[in-house]
Protein chains: 2
Amino acid sequence: MREGPDIARIASLVGDPARANMLNALMGGTALTASELALEAGVSLPTASSHLSKLMEGGLLTLASQGRHRYYGLAGPQVAGMIEAITGVAEAVGPKRVRPGPRDGAMRVARVCYDHLAGEQAVAMLDRLVEKDILLRDDKEIRLGPSASSHFAAMGIDVGARPRRPVCRACLDWSVRRSHLAGTLGAAILDKILSEKWARREKNSRAVVFSPPGKQAFERAFLG
Amino acid sequence: MREGPDIARIASLVGDPARANMLNALMGGTALTASELALEAGVSLPTASSHLSKLMEGGLLTLASQGRHRYYGLAGPQVAGMIEAITGVAEAVGPKRVRPGPRDGAMRVARVCYDHLAGEQAVAMLDRLVEKDILLRDDKEIRLGPSASSHFAAMGIDVGARPRRPVCRACLDWSVRRSHLAGTLGAAILDKILSEKWARREKNSRAVVFSPPGKQAFERAFLG
DNA sequence: GGAACGCTTCGATGAGGATCAAACTATGCG
DNA sequence: CGCATAGTTTGATCCTCATCGAAGCGTTCC
């Protein structure tokens, strides 16, 4: 019988399938409306609304009202990190997946992880950046290499500005089981990929699909 | 309605207060028997047994049978990391703690976090090691400094041997909200603290209590 | 062997909570 | 205004699951 932070309360919020699906959907980084989340979770609107108010009360979500739309989003990177940690365990101990499926395939290649890129492409990118000494990795830790600043500046990304979040962080990829790049640099790179239209978000999914020329451009920029 | 790793299943395992208390107790790193865990969780033995079999089935625990004793322990660092992540969120969003209590105070000063030291002492130690350039920290990442190898070798800790786990890792301290040292180095330091009898484990708690001379020795070694 | 101990299984009970239909509130549009 | 859309609240139903007493199983010790 012990006290301390009430982890059971938080975990039980994530422990309902409907709410877990909602949180999973919000891992895409974009805020969604109650209707979209109801669809995503496969429950009726009233049910979804009830779940959302619980998640709000639990402090896991933020709410932005715009007219008659109410956009729900993850409360922050800490919450996203927790979801990733749980996902990692679920992946590790879960039953071997029976049939990957096509959509799952796309998710493995590239997907959004809160605000940065994840999946095989992201892991390959980090590998290459380390290989070229632009980033330095010791085991699971990542830092900027000497040429990082100029290298990223050339493509319009400023790594000098340091907000409260770390510039680069390792994030364990649940599909590949190796690290990819998170942090503000990871977020900036995803921004560039999307704004340059190298890839687009799959609708209602975290999957990121590269166009053929976009894939070439991406590889030239980060895997070349 | 999406598939992927079943995070709701894992989260709901942690989402029950009795199970959460058990997992919390196991964060001390030592394996415990069913009776001890029942006591810890404040439930009867049959109830505890039922919970334990669920946690086993979920892959969160390991079991070691020795005679008529059955020792339950966390399944690995990944599970421990997940618990820490959930604890962090719970601490962040949870209600302001009303009355810290004496035992809670000891926990804040120093405690075991799976296999390494956490709490104010641990945060101070990491700060000092970074200040002396024995370890290098960039934001949340930590790596060995040039003098690390000889410095730790002098106190009988070999940082050269690199098993699959990283040597140093940052672990966010839920009480101080700053990083402390995890990884094999963190584990080795905790080993030393306990084997040198600088401190002892509080019974039935994660708290670590330094003896007055032990505290001096610890500070000379790591904070000097 | 038999008594004590550690733990699990069985069975019955009860409470919490997930669900949806219907009613209600609020915003936007013409 | 009146209607449509977005969302929440209420109320009733149902089911899962946590709980513990009692009984069963395996181990140890005398």
Handout entry: N/O (side chain, T47(A)) to phosphate O (OP1/OP2, dA18(C)) under 4.0 Å
Key =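 No, no such contact exists.
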
Practice task
Name all residues meeting the ring pair (Phe, Tyr, Trp, His ring centres under 6.0 Å) criterion together with F218(B); count only those two or more places apart in sequence or in a different chain, and write none if there are none.
Solution key: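 F218(B): ring pair (Phe, Tyr, Trp, His ring centres under 6.0 Å) contacts with F210(B), F222(B).
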
Handout entry: Non-neighbouring partners of F152(B) that pass ring pair (Phe, Tyr, Trp, His ring centres under 6.0 Å), sequence neighbours left out
Key =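 Result, ring pair (Phe, Tyr, Trp, His ring centres under 6.0 Å) vs F152(B): none returned.
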
For [Y], does its backbone N or O pair with a side-chain atom of [X] as donor and acceptor, under 3.5 Å?
{"X": "T87(A)", "Y": "I83(A)", "answer": "yes"}
{"X": "K192(B)", "Y": "I157(B)", "answer": "no"}
{"X": "E120(B)", "Y": "A110(B)", "answer": "no"}

Handout entry: Footprint string (nucleotides 25-30 of chain C, 5' to 3'): B base within contact, S backbone only, - free, heavy atoms under 4.0 Å
Key = --BS--

Measure from [atom1] on [X] to [atom2] on [N] and round the result to the nearest Å.
{"X": "E36(A)", "N": "dA6(D)", "atom1": "CD", "atom2": "P", "result": "10 Å"}
{"X": "L32(A)", "N": "dA6(D)", "atom1": "CG", "atom2": "P", "result": "15 Å"}
{"X": "L61(B)", "N": "dT8(C)", "atom1": "CG", "atom2": "C1'", "result": "16 Å"}
{"X": "M22(A)", "N": "dG7(D)", "atom1": "CE", "atom2": "P", "result": "12 Å"}
{"X": "D16(B)", "N": "dG16(C)", "atom1": "CG", "atom2": "P", "result": "13 Å"}
{"X": "L13(A)", "N": "dG16(C)", "atom1": "CG", "atom2": "P", "result": "17 Å"}
{"X": "R70(A)", "N": "dG7(D)", "atom1": "CZ", "atom2": "P", "result": "9 Å"}

Practice task
Take E36(B) and T33(B) through the test side-chain hydrogen bond (donor to acceptor under 3.5 Å, both in side chains) and record every step on the way to the result.
Solution key: CA-CA 5 Å; E36(B) 291 169 319; T33(B) 66; 3.2 Å; yes

Practice task
Could you check whether Y71(A) gets within reach of a base, just the sugar-phosphate, or nothing at all, counting any heavy atom under 4.0 Å?
Solution key: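 No contact.
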
When you measure from the side chain of [X], which nucleotide among [options] comes out closest?
{"X": "A34(A)", "options": "dC20(D), dT19(C), dT8(D)", "answer": "dT8(D)"}
{"X": "P46(B)", "options": "dT19(C), dA18(D), dA22(D)", "answer": "dA22(D)"}
{"X": "L45(A)", "options": "dC20(C), dA18(C), dG7(D)", "answer": "dG7(D)"}
{"X": "R19(B)", "options": "dG7(D), dT19(D), dA18(D)", "answer": "dA18(D)"}

Problem - E196(A), CD: over 12 other non-hydrogen atoms inside 6.0 angstrom - result: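 More than 12 heavy atoms, drawn from other residues, nucleotides or ligands, come within 6.0 Å of this atom.
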
Exercise for the section: Just jot down the side-chain contact (heavy atoms from CB on, under 4.5 Å) partners of L190(B), sequence neighbours excluded, or say none. Expected result: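 Result, side-chain contact (heavy atoms from CB on, under 4.5 Å) vs L190(B): V112(B), L117(B), L194(B).
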
Handout entry: For K54(A), all residues meeting side-chain contact (heavy atoms from CB on, under 4.5 Å), sequence neighbours excluded
Key =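 By the side-chain contact (heavy atoms from CB on, under 4.5 Å) rule, K54(A) matches L13(A), R19(A), S50(A).
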
Handout entry: Residues touching DNA chain C, which here means a heavy atom under 4.0 Å, drawn from residues 48-59 of chain A
Key =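 The stretch gives H51(A), K54(A) as the residues lying under 4.0 Å from the strand, ordered by number.
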
